[in-house]
Amino acid sequence: MKEFVKERVENVLEELYGVENRTFKVEKPKDESHGDIATNVAFLLAKGLRKSPVKIAEEIAQRLSEDKAFKTVEAVKGFINFRFSEDFIKKEFKKLLLEKDDYFRENLGDGLKVQIEYVSANPTGPLHLGHGRGAVVGDTLARLFEFFNYDVVKEYYINDAGRQVYLLGVSILYRYLEGCKEKDIEFFENLGKTFQQDGYRGEYVKELAERLKDIIGNKLCFPKTANLEEIRREILKKERDIPLYYTEKYKPKDIIELVSNYGLDLMIEEIKKDLSLINIEFDVWFSERSLYDDELVEELIDLLKGKGYIYEKGGALWLKTSEFGDDKDRVVKRSDGTYTYFASDIAYHYNKFKRGFKKVIDVWGADHHGYIPRVKASLSMLDIPSDWLEILLIQMVKLFRGGKEVKMSKRAGTFVALKELLEEVGQDAVRFIFLTKRSDTPLDFDLDKAKEKSSENPVYYVQYAHARISGIFREFKDRYGNELKVEELVEYVDFLSEEVEEKLMKKVLFFKDELIDITLKRDPHLLTYYLIDLAGAFHHYYNHHRILGMEEKIMFSRLALIKGIQETIRLGLDLMGVKAPQRM
RNA sequence: GGGCCCGUAGCUCAGCUGGAUAGAGCAGGGGAUUUCUAAUCCCCAGGUCGGGGGUUCGAGUCCCUCCGGGCCCA
């Protein structure tokens with residue numbers, strides 16, 4: 001709708017003043033009395049044309065009021081207010097009924113290759129609330145991009161290299177040894193020191209250890225004398241429920257590595273399961289370790305060296321990120337010869353670039369925001385344009401029960417897992433509520449409210465609108481014995497005569513503008529606001545208008561109207577990954 | 001100490017590439033069902049947009065500063 005008006009205005013500018021200008025704004029005024037669409041174009045032209053905005057607005061309005069698409073075009077204090085004609089709205093609404101989702105589609109992306117990387121939680125523990133929020137935001141964005149014809153790849157980066165994974169192995173092995181009646185005490189105690197300091201203490205580690213024990217029995221109670229290869233083969237043979245990527249691929253050099261690899265396999269499977277509970281599936285699981293295996297990290301460091309951005313200090317290799325806006329230079333290779341996370345991160349992003357993505361969106365926890373300047377700096381060094389990588393920050397989720405905060409702490413192992421939340425609240429409510437607030441501000445998640453099945457809970461409010469409409473069509477079939485096709489209804493749109501009905505049609509038609517806005521601004525939370533608004537408008541209408549049993553023209557016209565509303569709600573919910581139920 | 005985010009109605013939040021009289025939900029009170037789902041609807045209220053200054057024809061929106069809260073880094 002906006003684009004439609006904008007084009008008309010541009011034509012007039014050309015005609016009247018011979019100027020080209022696309023910088024003016026076309027928007028929905030807050031106040032309905034200012035019409036369906038308004039533009040500030042006159043203000044922007046005033047200077048160049050040496051005329052008052054009021055005068056310009058009048059001239060443009062005058063010219064455009066001949067257009068049949070508009071009922072009125074008014075110049076008010078320099079603004080130009082447009083009101084669509086009834087005919088135009090009905091024509092568009094019919095189009096929408098016939099084209100369905102395609103009506104809202106627009107070729108924004110033109111097949112542009114886009115990667116969205118999200119969640120990417122360390123595979124050392126189950127997903128918690130914050131990950132869930134990032135997952136929903138990233139996934140919804142991906143759906144929006146797909147809708148607008150971007151070629152989207154959803155990717156999860158697995159931090160499967162480095163100390164955290166080592167610590168996972170330590171923790172599992174420690175718990176495993178705890179359960180050995182006879183064991184290598186010295187080994188156990190040494191391991192205990194690391195465990196006490198940095199180990200993972202969640203219950204889930206004990207479960208992983210038990211699973212290991214189920215498979216190999218007590219064969220690891222004396223780790224030093226254990227036959228690693230034999231045990232590995234036994235795991236491969238007996239573990240049948242999950243794919244064993246790491247255990248299979250990597251021959252361990254010590255016991256901890258073996259347990260780490262098996263732990264990784266278990267954890268990643270866990271994470272996939274958690275994600276499937278919230279209706280999320282990734283296209284690519286990208287392994288950090290593969291960057292080392294394929295020597296991409298080394299290659300990258302050499303490349304940067306060649307460009308003169310790397311120097312040695314204190315035995316370590318530093319990257320001159322401060323030359324590109326970072327506070328200071330960063331270590332990429334430590335003096336002990338190991339690479340930092342930063343090094344593999346650069347290699348990873350460089351790899352994304354080489355894979356041909358024209359745009360990359362990273363969804364990160366807000367606690368990583370300090371990391372942005374160095375990553376951006378490194379990309380500049382590689383001559384990658386600065387708008388190639390967009391980073392969206394997701395703020396924390398705080399959980400409230402009975403008005404009190406449920407505290408989370410990963411260290412102590414008392415965090416709230418996403419899985420528990422999903423079990424308690426349900427997938428739809430969780431997804432919806434995660435999108436009720438702008439993602440870069442903290443979210444308070446009220447468990448009691450989320451579970452309530454009433455108007456308190458916007459999820460059900462919106463879903464109920466959809467289900468109600470389904471109910472009306474069900475009832476129609478019961479009474480009149482036949483299923484209705486949209487095609488039969490379309491022509492009846494002409495019989496809609498009330499102002500509310502016109503308003504409803506407009507609200508639905510504007511969803512396209514809304515979707516485009518949401519996508520370009522990467523603001524998926526606005527979807528919920530739109531849907532709540534539309535659902536509210538429908539519920540209001542429903543309570544004041546009878547549909548079935550009315551005179552035929554009226555009945556069918558109203559059925560056409562609510563069909564359009566239903567399709568729109570369904571599409572909106574689809575894009576959020578929330579179900580649109582037929583009945584509730 | 002440096003950086004980032006936030007501060008809008010009693011509560012939870014929209015609105016932020018400047019635009020016309022600042023919005024919604026909840027909480028409180030009152031009402032609506034012989035009817036296609038009451039998980040619904042209708043009526044009643046509330047604001048120094050954290051304070052101050054600046055830019056502008058116009059500031060909740062941009063800039064500066066202060067206050068308060070959160071996070072990251074040192």
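Just so we're clear, the structure is a prediction, and the values are computed from it rather than from any experiment. To find a chain, count down the sequence lines: A is the first, B the second, and so on, and within it residues start at 1.
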Whole-Å gap separating [atom2] ([N]) and [atom1] ([X]):
| X | N | atom1 | atom2 | value |
| --- | --- | --- | --- | --- |
| His368(A) | C4(B) | NE2 | P | 19 Å |
| Leu526(A) | G23(B) | CG | P | 18 Å |
| His539(A) | C41(B) | NE2 | P | 6 Å |
| Gln395(A) | G70(B) | CD | C1' | 7 Å |
| Tyr529(A) | G23(B) | OH | P | 16 Å |
| Lys328(A) | C72(B) | NZ | P | 16 Å |
| Tyr480(A) | C36(B) | OH | P | 12 Å |
| Asp523(A) | U17(B) | CG | P | 10 Å |

Qualifying residue, where the test is ring pair (Phe, Tyr, Trp, His ring centres under 6.0 Å) with Tyr541(A) and the options are His545(A), His539(A), His544(A): His545(A)

Regarding [X], tell me which of base, sugar-phosphate or nothing describes its non-hydrogen contacts under 4.0 Å with the strands shown.
| X | answer |
| --- | --- |
| Ala465(A) | nothing |
| Phe79(A) | base |
| His369(A) | base |
| His545(A) | base |
| Phe473(A) | nothing |
| Tyr542(A) | base |

Given [options], identify the nucleotide with an atom nearest to the side chain of [X].
| X | options | value |
| --- | --- | --- |
| Met396(A) | C36(B), G70(B), C6(B) | G70(B) |
| Asp440(A) | C6(B), C13(B), G19(B) | C6(B) |
| Asn543(A) | A20(B), A38(B), C41(B) | C41(B) |
| Asp367(A) | A38(B), C41(B), C71(B) | C71(B) |

Provide the Watson-Crick or G-U wobble partner of [N], both distances under 3.5 Å; none if there is no partner.
| N | value |
| --- | --- |
| C41(B) | G31(B) |
| G18(B) | none |
| C26(B) | G10(B) |
| C4(B) | G70(B) |

Does [N] have OP1 or OP2 sitting under 4.0 Å from an N or O in the side chain of [X]?
| X | N | value |
| --- | --- | --- |
| His540(A) | C42(B) | yes |
| His525(A) | G15(B) | yes |
| Lys437(A) | C13(B) | yes |
| Tyr530(A) | G15(B) | no |
| Arg438(A) | C5(B) | no |
| Thr436(A) | G25(B) | no |

Quote, to the nearest angstrom, the [atom1] distance that separates [N] from [M].
| N | M | atom1 | value |
| --- | --- | --- | --- |
| U12(B) | G50(B) | P | 15 Å |
| U55(B) | C63(B) | P | 15 Å |
| A9(B) | C5(B) | C1' | 23 Å |
| G2(B) | U21(B) | C1' | 43 Å |
| U56(B) | C16(B) | P | 24 Å |
| G52(B) | U8(B) | P | 15 Å |
| G70(B) | G46(B) | P | 33 Å |
| U33(B) | G23(B) | C1' | 31 Å |

Donor-acceptor pair, side chain of Asp523(A) and main chain of His525(A), under 3.5 angstrom: no

Within 45° cone of Phe473(A) ring axis and under 6.0 Å: Lys563(A) NZ or CZ: yes

Row check, Tyr492(A) ring normal vs Lys553(A) NZ/CZ: under 6.0 Å, within 45°: no

Exceeds 12 heavy-atom contacts within 6.0 angstrom, atom CD of Glu487(A): yes

5'-most by nearest nucleotide on RNA chain B - Arg330(A) or Thr39(A): Thr39(A)

Position toward the 5' end of RNA chain B (nearest nucleotide), Asn40(A) or Pro442(A): Pro442(A)

Non-hydrogen side-chain atoms of Phe432(A) and Met576(A) separated by less than 4.5 Å: yes

Test applied, side-chain hydrogen bond (donor to acceptor under 3.5 Å, both in side chains); reference residue, Ser470(A); option that passes from Glu475(A), Gln566(A), Arg583(A): Gln566(A)

No-H, no-angle donor-acceptor pair, Asn81(A) side chain to A20(B) base, under 3.5 Å: yes

Note: Glu390(A)-Lys359(A) ion pair, threshold 4.0 Å (strictly below): yes

